[in-house]
Amino acid sequence: MDFNVKKLASDAGVFFSRAMQFTEEKLGQAEKTELDAHFENLLARADCTKNWTEKILRQTEVLLQPNPSARVEEFLYEKLDRKVPSRVTNGELLAQYMAEAANDFGPGTPYGKTLIKVGETQRRLGAAERDFIHSASINFLTPLRNFLEGDWRTISKERRILQNRRLDLDACKARLKKAKAAEAKAAAVPDFQETRPRNYVLSASASALWSDEVEKAEHELRLTQTEFDRQAEVTRLLLEGISSTHVNHLRCLHEFVESQTNYYAQCYQYMLDLQKQLGRFSGTFVGNAESTSPPPAATSPPAVAAATLPAVPTIPVVPTIVGVPNTVAESVLNPNEVKPPASGTRKARVLYDYEAADSTELALLADEMITVYSLPGMDPDWLIGERGNQKGKVPVTYLELLS
């Protein structure tokens, strides 16, 4: 019990001494040991690394999981060292709703078929998103958290110890300075004519006491200087390790970009495949819808074009060919036997690659230029495209019509 009381009293004395030194430094009444410029640069670099790492970590978490409630839930599971339960992505939930809607509307109807196809793509997008989030969490977020919760805590702890060692060192310097001033004052030669012998003896005794105090203060100063130098070296080594932290974070950043690139490439490919599938289905769906509508001849060709493509200038239509009715069906239309109109053809830029489904279609390459025009009775979602000697049907959704 005595040992604990003495230790408590000693710790309280040290704390009080540091508090006084810190207060006097803030008030400008005490000198402060300054660190060298290189050490200060290391400290500033470490603080900058910590602050930006926290910001990047938080914003990446928002990117991967926009729902704040879900982020809080994942944080609690992580702190409790429990596995985070699997969560359905928005794409997978949308796919489930589309599949249920298709069953209600009829999976054999055009709308039901389209819902099924789009739902399957949404499910694949949701699975790709789940894989991306998992990869980004392991390869990017985890190293950032490990730095903040591991290396940075160690650095912060050693910096606090260094700060205490510096306060102890400056307090010892202040005590030594005061002791030397008192020793010099006590060692002053007294005036024997005006001073009693007894006072002279007391002055000599005080001078000896202050000499002992100076020696004690110098000894404490040497010890605190040694401890400060040792702690400064330990802290310096940890701060210089920030460079290796940057190298590690750079590697993790490359892995994050690679994961994100793969994710967006998968999404693009899934949507491109879906667009091709819907382009092939559109003829059937429109044909079914037109079976209960008035014949195309009841409406003038410019009006049909304006109704189907409101945001695009109208496509010129070939005049009625003698012997061929206006309601030529797409199934019996052979583009190779049709001649382009003498005037009114248009140029179009291909937006995406397109693979021809049969000999009546024209395969397309992204960014190439082709000539397009329409024919009477054609599905409004399709045009006749020409590239050199090649000719065939092309989907309108894959083209950008130029004026």
Can you name the closest pair of heavy atoms from [X] and [Y] and give their distance?
X: Ala46; Y: Ile242; answer: CB-CG1, 4.2 Å
X: Leu115; Y: Ala101; answer: CD1-CB, 3.9 Å
X: Lys113; Y: Pro107; answer: CG-O, 3.2 Å
X: Ala363; Y: Glu368; answer: O-OE2, 4.1 Å

Tell me, with the steps shown, if Ile138 and His134 meet side-chain contact (heavy atoms from CB on, under 4.5 Å).
CA-CA 6 Å; Ile138 294 178; His134 179 71; 3.1 Å; yes

Are [X] and [Y] linked by a side-chain donor-acceptor pair shorter than 3.5 Å?
X: Gln225; Y: Arg222; value: no
X: Lys173; Y: Thr33; value: yes
X: Arg45; Y: Ser243; value: yes

Should [X] and [Y] count as side-chain neighbours, where that means a heavy-atom distance under 4.5 Å?
X: Thr49; Y: His246; answer: yes
X: Cys252; Y: Asn248; answer: yes
X: Met378; Y: Leu375; answer: yes
X: Arg236; Y: Asp36; answer: yes
X: Phe132; Y: Leu64; answer: yes
X: Met98; Y: Ile116; answer: no
X: Leu148; Y: Leu57; answer: yes
X: Leu399; Y: Leu364; answer: yes

Verdict with supporting geometry, Tyr373 and Leu383, side-chain contact (heavy atoms from CB on, under 4.5 Å):
CA-CA 6 Å; Tyr373 52 88; Leu383 296 172; over 6 Å; no

Identify, with sequence neighbours excluded, every residue that meets ring-ring contact (aromatic ring centres under 6.0 Å, His included) alongside [X].
X: Phe105; result: Tyr111
X: Phe147; result: His249
X: Phe228; result: none

Enumerate the salt bridge (charged side-chain N to carboxylate O under 4.0 Å, His left out) contacts for [range], please, sequence neighbours excluded, ordered by first and then second residue.
range: residues 95-104; answer: none
range: residues 253-269; answer: Arg251-Glu255
range: residues 127-144; answer: Glu92-Arg130

[X]: partners by side-chain contact (heavy atoms from CB on, under 4.5 Å), with sequence neighbours left out:
X: Arg349; value: Leu351, Asp367, Met369, Glu400
X: Cys172; value: Arg175, Glu220, Leu221, Thr224
X: Arg124; value: Tyr270
X: Val62; value: Gln59, Arg71

Once you measure the plane-to-plane angle for Tyr354 and Tyr398, does it fall in the parallel (<30°), tilted (30-60°) or perpendicular (>60°) bin?
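Ring orientation, 0 to 90° scale: perpendicular.
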
Going by ring-ring contact (aromatic ring centres under 6.0 Å, His included), name the pairs with one or both residues in residues 32-58, residues two or more places apart or in two chains.
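For residues 32-58, and leaving out neighbouring residues, there are no ring-ring contact (aromatic ring centres under 6.0 Å, His included) pairs at all.
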
Between atom [atom1] of [X] and atom [atom2] of [Y], what is the distance when rounded to the nearest 0.5 Å?
X: Leu238; Y: Glu233; atom1: CG; atom2: CD; answer: 10.5 Å
X: Ser374; Y: Arg346; atom1: OG; atom2: CZ; answer: 12.0 Å
X: Leu169; Y: Leu223; atom1: CG; atom2: CG; answer: 11.5 Å
X: Leu278; Y: Asp381; atom1: CG; atom2: CG; answer: 10.5 Å
X: Arg387; Y: Leu362; atom1: CZ; atom2: CG; answer: 4.5 Å
X: Lys391; Y: Thr360; atom1: NZ; atom2: OG1; answer: 13.0 Å

Step-by-step side-chain contact (heavy atoms from CB on, under 4.5 Å) determination, Phe256 to Asn139:
CA-CA 7 Å; Phe256 173 73; Asn139 298 328; over 6 Å; no

Pick out which of Leu239, Asp47, Leu43 makes a side-chain contact (heavy atoms from CB on, under 4.5 Å) with Ile155.
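When side-chain contact (heavy atoms from CB on, under 4.5 Å) is applied between Ile155 and each of Leu239, Asp47, Leu43, only Leu239 qualifies.
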
Crowding at CG, Asn90 (>12 non-hydrogen neighbours, <6.0 Å)
no

Is the count of non-hydrogen atoms from other residues, nucleotides or ligands lying under 6.0 Å from His219 atom NE2 greater than 12?
no

How far apart are the C-alpha atoms of Arg166 and Asp170, what are their side-chain angles, what is the distance that settles it, and do they pass the salt bridge (charged side-chain N to carboxylate O under 4.0 Å, His left out) test?
CA-CA 6 Å; Arg166 186 196 61 76; Asp170 291 337; 2.6 Å; yes

Run Leu42 and Glu240 through side-chain contact (heavy atoms from CB on, under 4.5 Å) and show every step you take.
CA-CA 7 Å; Leu42 291 177; Glu240 290 175 349; 3.8 Å; yes

Who are the salt bridge (Lys or Arg N to Asp or Glu O under 4.0 Å) partners of Glu227, not counting sequence neighbours?
Arg165

Residue pair Asn262, Gln266: steps toward the side chain to side chain donor-acceptor pair (under 3.5 Å) verdict:
CA-CA 6 Å; Asn262 294 335; Gln266 286 180 329; over 6 Å; no

Under 3.5 Å donor-acceptor, Glu215 side chain and Asp212 backbone
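Judged by distance alone, no pair lies under 3.5 Å.
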
